[in-house]
Engineer: 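Handing you a structure now.
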There are 2 protein chains.
Amino acid sequence: MIDVTDRKILNILSKDAKASLKLIGNECNMSATAVHLRVKKLEEQKIITGSKSVIDTYLLGYQTQSFIGIYFNKANIYRKVSQALYEIDEVVECNYTTGNFSLLVKVICRDNKHLTEVLSNKIQTIDGVARTETFICLEQTFTREIEF
Amino acid sequence: MIDVTDRKILNILSKDAKASLKLIGNECNMSATAVHLRVKKLEEQKIITGSKSVIDTYLLGYQTQSFIGIYFNKANIYRKVSQALYEIDEVVECNYTTGNFSLLVKVICRDNKHLTEVLSNKIQTIDGVARTETFICLEQTFTREIEF
DNA sequence: ACTGAAAGTGTACAGTG
DNA sequence: CACTGTACACTTTCAGT
C-alpha cells in the first residue's frame with residue numbers, strides 16, 4: 001500500500017506542510033513532479049487529510065490550556081454530550097475514553113477566569129453532565145508528530 | 001498589535017495552511033501580495049510558528065490513541081521525566097498539569113498490545129514514575145482549531 | 001501599508017522507460 | 001505504472017505609489 005518513500009514524504013510533511021517538492025525530491029532521490037504525484041495519491045487515499053498553520057495561542061492571549069474529565073449521570077449519552085460540547089468554541093478536542101471519566105476534553109481559554117466561566121456556564125449546564133475534573137496545563141513540555 | 005484582518009487570515013490558515021493568498025485576499029478585500037506581507041509579519045512575530053500536514057494515523061495502522069496520567073514518587077522532577085518521555089517515539093504530547101497527576105501525556109500506538117509494551121517497558125521504567133493511569137480513546141468525537 | 005510587474009516554485013499534462 | 005521534462009499558474013520578491 002504505502003512504501004518507504006511515502007513514509008519519508010509523510011514524515012517531512014507532518015512537520016512542515018509547506019516543505020517544497022524540490023526539497024522532498026532531494027531527500028527521496030526523485031524529481032519534484034514524482035513527489036507531487038505521490039502526494040496527490042496520498043491525498044486521494046485520505047491518508048493526508050489537510051493541513052494547518054501552527055499558531056501560538058499563548059501570544060494571542062489564550063494562556064490557560066486545560067484538560068477536563070467529564071462524568072455522566074446517565075448511560076449511553078456520549079454522542080449527545082459531544083455535540084453539545086462542539087457548540088462551545090473553547091473546546092478544541094473531545095475524546096470518548098475508558099477509565100474514570102466518560103469524556104476527556106481539551107479546552108483553551110484566555111485565563112482562569114475565562115475557564116471558570118466556560119466550566120460553570122457552559123460545560124456543567126449540559127444535560128447528562130454530572131461532574132467534571134479539571135487539569136490545568138502549567139506547562140506543555142512538548143508536542144510532536146509520530147514517525148512512520 | 002494584530003487587527004481583525006490578521007485574525008481572519010489566522011482563522012483561515014489554522015484550518016488550511018495551503019489556502020491560496022488569492023482566496024484569502026478575496027475574503028479580506030486585499031491583493032494577494034498584501035496578504036503575503038501580513039502572513040510574513042505574523043511569522044516574524046512568531047504568531048505563526050509553522051505548518052503541518054494532517055495525517056490519518058488510523059489508516060497507517062496506529063489505531064490506539066490514549067491519554068496517560070503519570071504520578072511521581074519524588075518532587076520537582078517533571079522536567080527530567082518529560083525529557084525521558086521525549087525519547088519515547090509513541091508519546092506525542094506532554095503536559096505538566098494541576099490535579100491528581102503530575103504529567104498528562106498523549107500516546108499513539110498501533111494496538112493495545114503495543115500500548116501495553118510502551119507502558120510497561122518504557123514509561124513505567126522511567127526514574128521517578130510511581131504509577132500511571134490510562135485512558136484509552138474509544139472515539140475521538142472531534143478536534144478543531146480555536147477561533148480568534 | 002498597499003499595489004503591480006519580474007523571478008522563483010508548485011501543478012498539470014504529454015511523453016518515456 | 002512510476003517516473004521525467006516542459007508549460008502554465010501560483011507564490012514570492014522588489015521597485016514604486
Side-chain angles (χ1 to χ4, degrees), chain A residues 1-62 110 143-148, chain B residues 1-63 92 110 143-148:
Chain A
M1 177 150 157
I2 77 158
D3 63 10
V4 65
T5 307
D6 287 327
R7 277 170 212 281
K8 230 182 226 170
I9 294 172
L10 291 171
N11 285 335
I12 295 171
L13 289 178
S14 69
K15 286 173 215 132
D16 179 11
K18 302 193 129 186
S20 83
L21 299 173
K22 211 187 224 175
L23 180 141
I24 301 173
N26 289 344
E27 299 289 319
C28 303
N29 303 317
M30 263 200 236
S31 73
T33 316
V35 176
H36 178 57
L37 285 171
R38 280 171 176 265
V39 171
K40 236 177 61 183
K41 198 171 283 178
L42 289 165
E43 287 168 348
E44 277 161 14
Q45 292 173 100
K46 306 279 180 202
I47 290 173
I48 298 175
T49 59
S51 64
K52 318 179 186 183
S53 289
V54 182
I55 291 162
D56 190 323
T57 52
Y58 199 89
L59 277 181
L60 293 174
Y62 287 82
R110 284 188 291 278
T143 51
R144 129 177 88 191
E145 306 314 310
I146 211 170
E147 294 273 329
F148 301 107
Chain B
M1 179 149 153
I2 79 157
D3 63 9
V4 65
T5 307
D6 287 327
R7 277 169 212 281
K8 228 181 227 172
I9 294 172
L10 290 172
N11 285 335
I12 295 172
L13 289 178
S14 70
K15 286 173 215 133
D16 179 11
K18 303 193 129 184
S20 83
L21 300 173
K22 213 188 221 173
L23 181 141
I24 302 172
N26 289 344
E27 299 289 320
C28 304
N29 303 316
M30 263 200 238
S31 74
T33 317
V35 176
H36 178 57
L37 284 170
R38 279 170 177 267
V39 171
K40 236 177 64 182
K41 200 170 282 177
L42 289 165
E43 286 168 350
E44 277 161 14
Q45 291 174 97
K46 306 279 181 202
I47 290 173
I48 299 175
T49 60
S51 65
K52 319 179 184 181
S53 289
V54 182
I55 290 161
D56 190 325
T57 52
Y58 199 89
L59 277 181
L60 292 174
Y62 288 82
Q63 310 194 336
V92 296
R110 284 187 291 279
T143 52
R144 127 176 91 191
E145 306 313 312
I146 210 171
E147 294 273 330
F148 300 108

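As a basis for the values below, the full set of heavy atoms in this structure was taken, side chains included, without hydrogen atoms, waters or symmetry mates. For clarity, every value in this text was computed on a predicted model and none was experimentally measured.
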Engineer: Could you tell me how far apart A:Asn29 (CG) and D:dC3 (C1') are, to the nearest whole angstrom?
Structural biologist: 14 Å
Engineer: Between CE of A:Met1 and CD of A:Gln45, what distance do you get to the nearest 0.5 Å?
Structural biologist: 5.0 Å
Engineer: Output all residues satisfying salt bridge (Lys or Arg N to Asp or Glu O under 4.0 Å) with A:Glu147, sequence neighbours left out; order by chain, then residue number.
Structural biologist: A:Lys15
Engineer: Residues of residues 1-21 of chain B with any non-hydrogen atom less than 4.0 angstrom from an atom of DNA chain C: list those, numerically ordered, please.
Structural biologist: none
Engineer: Let me know the distance between NZ of B:Lys40 and C1' of D:dT11, rounded to the nearest Å.
Structural biologist: 12 Å
Engineer: Rounded to the Å, how far apart are B:Leu37 CG and D:dG16 C1'?
Structural biologist: 14 Å
Engineer: Taking heavy atoms of chain A and a 4.0 Å limit, find me the 5'-most and 3'-most nucleotide of DNA chain C within that range.
Structural biologist: C:dT9 to C:dC13
Engineer: Hey, which of these two, A:Lys22 or A:Thr33, hits DNA chain C nearer its 5' end, going by closest nucleotide?
Structural biologist: A:Lys22
Engineer: Return the CZ to CG distance between A:Arg38 and A:Leu42, rounded to the nearest 0.5 Å.
Structural biologist: 8.0 Å
Engineer: Do any N or O atoms from the side chain of B:Ser14 and from the backbone of B:Asn11 form a donor-acceptor pair under 3.5 angstrom?
Structural biologist: yes
Engineer: Do B:Ile24 and B:Leu13 pass the side-chain contact (heavy atoms from CB on, under 4.5 Å) test, and can you show the C-alpha distance, the side-chain angles, and the key distance before you say yes or no?
Structural biologist: CA-CA 9 Å; B:Ile24 302 172; B:Leu13 289 178; 3.9 Å; yes
Engineer: If the threshold is 4.0 Å, N to carboxylate O, is there a salt bridge linking A:Glu145 and B:Lys52?
Structural biologist: yes
Engineer: Please test A:Ile2 against A:Phe148 for side-chain contact (heavy atoms from CB on, under 4.5 Å), starting from the C-alpha separation and ending with a verdict.
Structural biologist: CA-CA 11 Å; A:Ile2 77 158; A:Phe148 301 107; 5.9 Å; no
Engineer: Rounded to the Å, how far apart are B:Leu23 CG and D:dA9 P?
Structural biologist: 18 Å
Engineer: Can you tell me the distance, in whole Å, between the CG atom of B:Leu42 and the C1' atom of D:dT12?
Structural biologist: 16 Å
Engineer: Take B:Leu10 and A:Leu60 through the side-chain contact (heavy atoms from CB on, under 4.5 Å) test and state the conclusion after the steps.
Structural biologist: CA-CA 11 Å; B:Leu10 290 172; A:Leu60 293 174; 3.8 Å; yes
